[in-house]
Student: 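Take this structure, written in structure tokens, and hold onto it; I'll ask about it next.
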Amino acid sequence: MDIPSKYNPALTEDKWYQYWLDNGFFRSEPDNRKSYTIVIPPPNVTGVLHMGHMLNNTIQDILIRRARMQGKNALWLPGTDHASIATEARVVAMLREEGIEKSQINREEFLKYAWEWKKKHGGMILEQLKKLGASCDWERTKFTMDDDMSESVIRVFIDLYNKGYIYRGVRMINWDPKAKTAVSNEEVIFKEVQSKLYYVRYKIDEKDEWLTIATTRPETILGDTAVCVHPEDKRYKHLIGQKIIIPLVNRPVPIIADEYVDREFGTGVLKITPAHDENDYEIGLKHDLEVINIFNEDGTLNENAQIFTGEDRFVARDLVTEKLREDGHIDKIKKDYVNKVGYSERTEAVIEPRLSRQWFLRMKELANPALESVMNDTVKIHPAKFKNMYRHWMENVRDWCISRQLWWGHRIPDYYLPESDEFVVADTPEAALDLARRKTGNPSLDIEDLKQDEDVLDTWFSSWLWPISVFDGIRDPQNKDFTYYYPTNDLVTAPDILFFWVARMIIAGYEYNNEKPFHNVYITGMVRDKFGRKMSKSLGNSPEPLDLIRKYGADGVRVGMLLCSPAGNDLLFDENLTEQGRNFGNKIWNAFRLVKNWKVDPELDQPKASAIAVEWFNARLNQSIRILDDQYSKYRLSEALMNLYKLFWDEFSSWYLEIIKPSYKQSIDSKTFEATTGFFEKLLKILHPFIPFITEEIWQLIRDRKDGESIMVSDMPTGGDYDKKMIERFEKTKETVSSIRTIRKEKNIPDKSPLSLNVKEKEEVYDNRFGEVLKKLCYLSEINFIAKKMEGAVSFIVKTTEFYIPLGEKVNVEEEIRKLENELEYTRGFLRTVMQKLDNEQFINNAPEKVIQIELTKKADAEEKIKVLEERIAGLKKSFIRKMRGLMIRIFKKPYLFIVFLVNKIWVKLKYIFNENCP
RNA sequence: GGGCGAUUAGCUCAGCUGGUUCAGAGCACCUGCCUUACAAGCAGGGGGUCAUCGGUUCGAAUCCGGUAUCGCCCA
């Protein structure tokens with residue numbers, strides 16, 4: 001079989017994905033098995049795959065594939081979110097390109113365009129997820145505006161309204177003047193910007209006294225209805241209760257006092273514009289101030305402003321400033337002033353606080369069970385550090401503004417009575433009419449008389465039902481799917497939506513099913529670039545995921561992303577991580593090439609080295625699987641992958657395969673071959689959730705498979721009992737091998753020149769189980785057990801065992817002595833630290849017996865080692881002197897001058913050896 | 001301004017109940033090798049006062065407080 005030395009993902013990934021689809025492996029229907037469910041955090045229907053999705057969905061796929069292989073009935077339910085603001089913005093932009101303004105068309109026409117757009121471009125992201133290997137049940141794909149999903153949303157609205165949780169109120173809301181809609185707090189992004197601080201002079205009424213007020217928004221002066229100072233501020237105390245004249249519009253307003261004022265800020269005087277600032281609004285309510293709204297919906301000035309009517313707010317700012325300057329009202333302008341300004345997440349317009357009539361959901365009471373369930377770990381958040389943040393938010397939860405002035409979304413089901421502010425709430429116009437007739441007592445009311453609210457609901461008002469409504473659990477809570485799959489198992493999401501999505505899903509779960517929506521929440525990090533910057537289009541630092549997949553394979557990208565993303569920590573993405581992932585795939589591929597190309601000879605006996613290696617690796621594999629299970633249970637997926645990475649690369653490839661590998665062109669015995677193939681299969685299986693494609697490819701090639709078989713539906717290996725001693729023993733063997741390799745390198749001895757190894761220990765004490773392994777890996781001609789130390793040999797020590805390798809002339813005695821002395825010094829230092837503890841009475845009295853025992857063992861080991869080292873050094877020195885004596889005798893036979901030269905040289909050496917550490 | 005979290009090797013991170021020479025991993029780096037599975041590789045190596053100051057303790061990277069820096073959330 002001719003297998004290329006480089007694995008090529010492009011040749012396999014699409015093939016196996018199609019195979020999985022064709023065989024329906026992603027499908028799930030309720031049955032007798034235990035269910036394991038994940039609902040996807042629905043991406044925006046307009047969305048395209050970015051690195052955050054890649055990470056998030058890789059994690060979900062790992063969890064679901066593992067569960068499936070463990071024999072659970074695993075369902076990963078995909079879908080998309082209608083994302084009202086984002087999608088509407090997209091459609092508006094598209095129409096504009098075609099020369100159509102939203103204002104020119106009516107709601108029905110707009111929605112027709114929007115649906116067409118959705119049909120054509122929506123859900124592209126789901127196709128992209130397939131390239132990643134996502135094993136979603138695509139036949140169950142949901143969309144938040146599907147008919148059944150929409151009906152659930154409306155039902156919930158009506159229900160909450162009837163329960164008294166939903167109310168209509170005037171509130172200061174975040175207004176997006178570009179999209180002309182209210183946006184939630186979560187959709188406002190505060191950025192630090194360079195702005196100016198204007199110092200404006202106001203004249204006190206009927207006095208020749210002026211007050212200077214600092215503001216960043218001079219245009220709002222037109223809406224001022226008071227000026228406020230701190231009640232304790234000596235500078236202004238005398239003015240409280242007097243009137244002051246608003247510049248430009250010459251409106252007299254009161255000077256009031258409130259402790260809210262920060263005396264240190266600006267001049268310590270605050271202008272109050274209740275209509276356009278949240279804090280000012282609160283003060284206005286408290287002091288019963290007039291509210292003057294000077295802005296239109298699009299952020300231009302209205303007639304209440306009296307001047308500059310129709311101008312945009314930013315144009316008006318300049319015009320007002322200019323006029324103030326002309327009239328002598330500008331004291332100064334501080335230019336390098338930094339303040340925080342809110343921007344709309346969707347349209348990037350500067351948010352305008354605005355008083356508006358909106359729908360609200362009362363949260364406090366609803367939030368209680370959701371808070372409790374997280375605090376008592378009924379819903380577990382991984383990592384747990386997010387619990388504190390969650391609590392803080394839930395304890396300070398504010399009412400939720402759920403209405404949006406948009407068309408794309410779920411239209412709010414309230415109907416206004418003719419020429420009235422009165423309304424009824426109902427799921428159909430007919431039902432509304434019925435209610436309206438009863439409410440008014442007027443049976444002649446017609447459907448046309450009622451006017452449905454123009455607004456739609458916040459997108460999150462449908463998302464919060466997602467885990468329930470995808471199984472139709474709102475409309476039909478007893479249905480088979482819902483009772484089987486709900487509550488779901490894991491939710492995987494980013495920390496930025498913990499509050500406005502995760503928390504609300506938990507709330508909805510308790511309100512509508514008296515049950516949590518999921519058992520575990522896995523919080524992933526945010527994907528950033530390698531400099532720690534957020535990935536964004538404008539920075540151009542976000543790689544195109546599909547390009548990465550093309551370049552490194554989906555498996556490579558999955559590994560690359562995961563290797564460096566512990567839960568809840570941001571991931572600093574660097575393309576060389578995916579390179580590492582690809583290299584890992586190649587390593588597996590080449591191990592497969594090696595094994596696949598072996599000729600099996602059934603006549604051959606199993607070599608001793610192979611037999612023990614099989615035993616060892618079996619133990620090591622079981623140990624790793626146990627660790628792996630533990631890592632999964634704690635959602636430490638990065639660690640789990642690293643565990644497998646090292647297991648495959650170091651233990652399996654570098655140690656196990658090197659031990660059992662027959663020499664060139666030699667066959668392998670069938671026992672070892674069978675065991676190795678079995679190990680390989682197990683390794684592939686435990687690796688499969690992380691790297692589904694290459695594991696399937698190799699699994700299909702490593703043995704004959706029938707059509708319809710797949711690793712993805714095979715049994716996940718479980719970790720059996722293992723011989724811990726065997727693993728420890730082999731660790732010592734590894735150390736021995738490393739030492740011998742180091743000696744070869746230092747002495748420049750070729751790998752293929754045989755060495756003899758002498759162990760200063762009794763054979764029965766040493767435990768020579770891995771002797772044959774040592775011989776093979778280190779190219780040893782023999783292993784002898786000796787009672788006395790050896791001369792003319794290099795030595796090394798593993799734990800407390802001495803080893804000697806005779807090298808004759810190659811042994812540099814001076815260097816040997818120096819090395820041993822270094823080690824001796826180190827060991828003496830170690831013994832000192834141990835003795836410090838053991839000599840400490842407090843330690844002996846307080847430390848647990850186990851810890852003391854450990855220290856005593858350390859002491860004994862160290863003392864033993866020191867003894868060994870000292871003897872060895874003394875021996876070397878003795879042999880050195882003998883050698884020198886022989887040399888001297890020869891030297892004396894030589895001419896006089898030469899003798900002087902040599903004696904001098906020897907003198908220097910002797911001085912070196914005896915001036916330190918002389919016993 | 002309020003809250004939460006972090007600071008360990010050049011980089012990204014483990015270190016879970018304070019106790020093994022506990023200071024670790026991967027990558028990067030350095031040296032030597034194109035050695036018949038793999039140069040996308042093999043073998044070997046160097047590198048950290050655990051941010052800082054103090055406290056608790058027989059014992060602190062680990063627990064507690066102060067300081068500094070950074071990040072996130074909320075206002």
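In what follows, every chain begins at residue 1, and chains take the letters A, B, ... in the order their sequences are listed.
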Student: Looking at A/Lys745 and B/rU31, is any side-chain donor or acceptor paired with a base atom of the opposite kind under 3.5 Å?
Tutor: yes
Student: Can you tell me how far P in B/rC70 sits from the matching atom in B/rC64, rounded to whole Å?
Tutor: 24 Å
Student: Determine the interatomic distance between P on B/rG46 and the same-named atom on B/rC30; round to the nearest Å.
Tutor: 16 Å
Student: Report yes if at least one side-chain N or O of A/Asn576 is closer than 4.0 Å to OP1 or OP2 of B/rC27; otherwise report no.
Tutor: no
Student: Whom does B/rG44 pair with, Watson-Crick or G-U wobble, provided both distances fall under 3.5 Å?
Tutor: B/rC30
Student: Taking 4.0 Å as the cut-off, does a side-chain nitrogen or oxygen of A/Asn583 come that near to OP1 or OP2 on B/rG41?
Tutor: yes
Student: Is A/Tyr645 close enough to B/rC27 that one of its side-chain N or O atoms is under 4.0 Å from OP1 or OP2 there?
Tutor: yes
Student: Is there a side-chain polar atom (N or O) of A/Asn590 under 4.0 Å from OP1 or OP2 of B/rA37?
Tutor: no
Student: Decide if the gap between the ring center of A/Phe679 and the ring center of A/Phe652 is smaller than 6.0 angstrom.
Tutor: no
Student: Just how far, in rounded Å, is P of B/rC11 from CD of A/Glu575?
Tutor: 21 Å
Student: When both hydrogen-bonding distances must be under 3.5 Å and the geometry is Watson-Crick or G-U wobble, what is B/rU62 paired with, if anything?
Tutor: none
Student: If we call it a pair only when both distances are under 3.5 Å in a Watson-Crick or G-U wobble match, what pairs with B/rU57?
Tutor: none
Student: Looking only at side chains, do A/Gln623 and A/Arg620 share a donor and an acceptor under 3.5 Å apart?
Tutor: yes
Student: Taking any strand in view, what nucleotide pairs with B/rC70 in a Watson-Crick or G-U wobble way, both distances under 3.5 Å?
Tutor: B/rG5
Student: Do A/Ile627 and A/Glu639 have side chains that get closer than 4.5 Å, going by heavy atoms?
Tutor: no
Student: Centre-to-centre under 6.0 Å for A/Phe680 and A/Phe648, is that the case here?
Tutor: yes
Student: Is there a Watson-Crick or G-U wobble partner for B/rU36 with both distances under 3.5 Å, and if so, which one is it?
Tutor: none
Student: For the side chain of A/Phe499, counting heavy atoms from C-beta on, which of B/rC38, B/rG44, B/rC73 is nearest?
Tutor: B/rC73
Student: If you measure from the P atom in B/rG55 to the same atom in B/rA60, how many Å do you get, rounded?
Tutor: 12 Å
Student: Does A/Pro848 or A/Tyr7 map to a spot on RNA chain B nearer the 5' end, using the closest nucleotide for each?
Tutor: A/Pro848
Student: Is any NZ, NE, NH1 or NH2 atom of the basic residue among A/Glu731 and A/Lys724 found under 4.0 Å from an Asp or Glu carboxylate oxygen of the other?
Tutor: no
Student: Sort out the partner of B/rA25 for me: Watson-Crick or G-U wobble, both distances under 3.5 Å, none otherwise.
Tutor: B/rU12
Student: I'd like the C1' distance from B/rG48 over to B/rA9, given in whole Å.
Tutor: 5 Å
Student: Got a donor-acceptor pair under 3.5 Å from the side chain of A/Arg741 to the base of B/rA43?
Tutor: no
Student: For B/rC42, does either OP1 or OP2 sit under 4.0 Å from a side-chain N or O belonging to A/Trp649?
Tutor: yes
Student: OP1 or OP2 of B/rG15 less than 4.0 angstrom from a side-chain nitrogen or oxygen of A/Arg636, does that happen here?
Tutor: yes
Student: Roughly how many Å apart are B/rG65 and B/rA75, using the C1' atom of each and rounding to a whole number?
Tutor: 28 Å
Student: RNA chain B: A/Leu657 or A/Glu855, which has the more 5' nearest nucleotide?
Tutor: A/Glu855
Student: Under 4.0 Å: is that the gap between some side-chain N or O of A/Lys747 and OP1 or OP2 of B/rG32?
Tutor: no
Student: Does any nucleotide pair with B/rG18 by Watson-Crick or G-U wobble geometry, both distances under 3.5 Å, and what is it?
Tutor: none
Student: Would you mind reading off the distance between A/Met389 atom CE and B/rC4 atom C1', rounded to a whole angstrom?
Tutor: 6 Å
Student: If you look at every strand shown and take non-hydrogen atoms under 4.0 Å, does A/Lys646 touch a base, only sugar-phosphate, or nothing?
Tutor: sugar-phosphate
Student: Is the shortest side-chain N/O distance from A/Ser653 to OP1 or OP2 of B/rC38 below 4.0 Å?
Tutor: no
Student: Within the supplied structure, the quantity of interest is the number of heavy atoms (other residues, nucleotides, ligands) at a distance under 6.0 Å from A/Glu841 CD; does it exceed 12?
Tutor: no
Student: Check every strand shown and say whether A/Phe584 touches a base, only sugar-phosphate, or nothing at a heavy-atom separation below 4.0 Å.
Tutor: nothing
Student: Between the side-chain atoms of A/Glu658 and the base atoms of B/rA43, is any donor-acceptor pair under 3.5 Å?
Tutor: no
Student: Does any part of the side chain of A/Trp655, heavy atoms only, come nearer than 4.5 Å to the side chain of A/Leu777, both counted from C-beta?
Tutor: yes
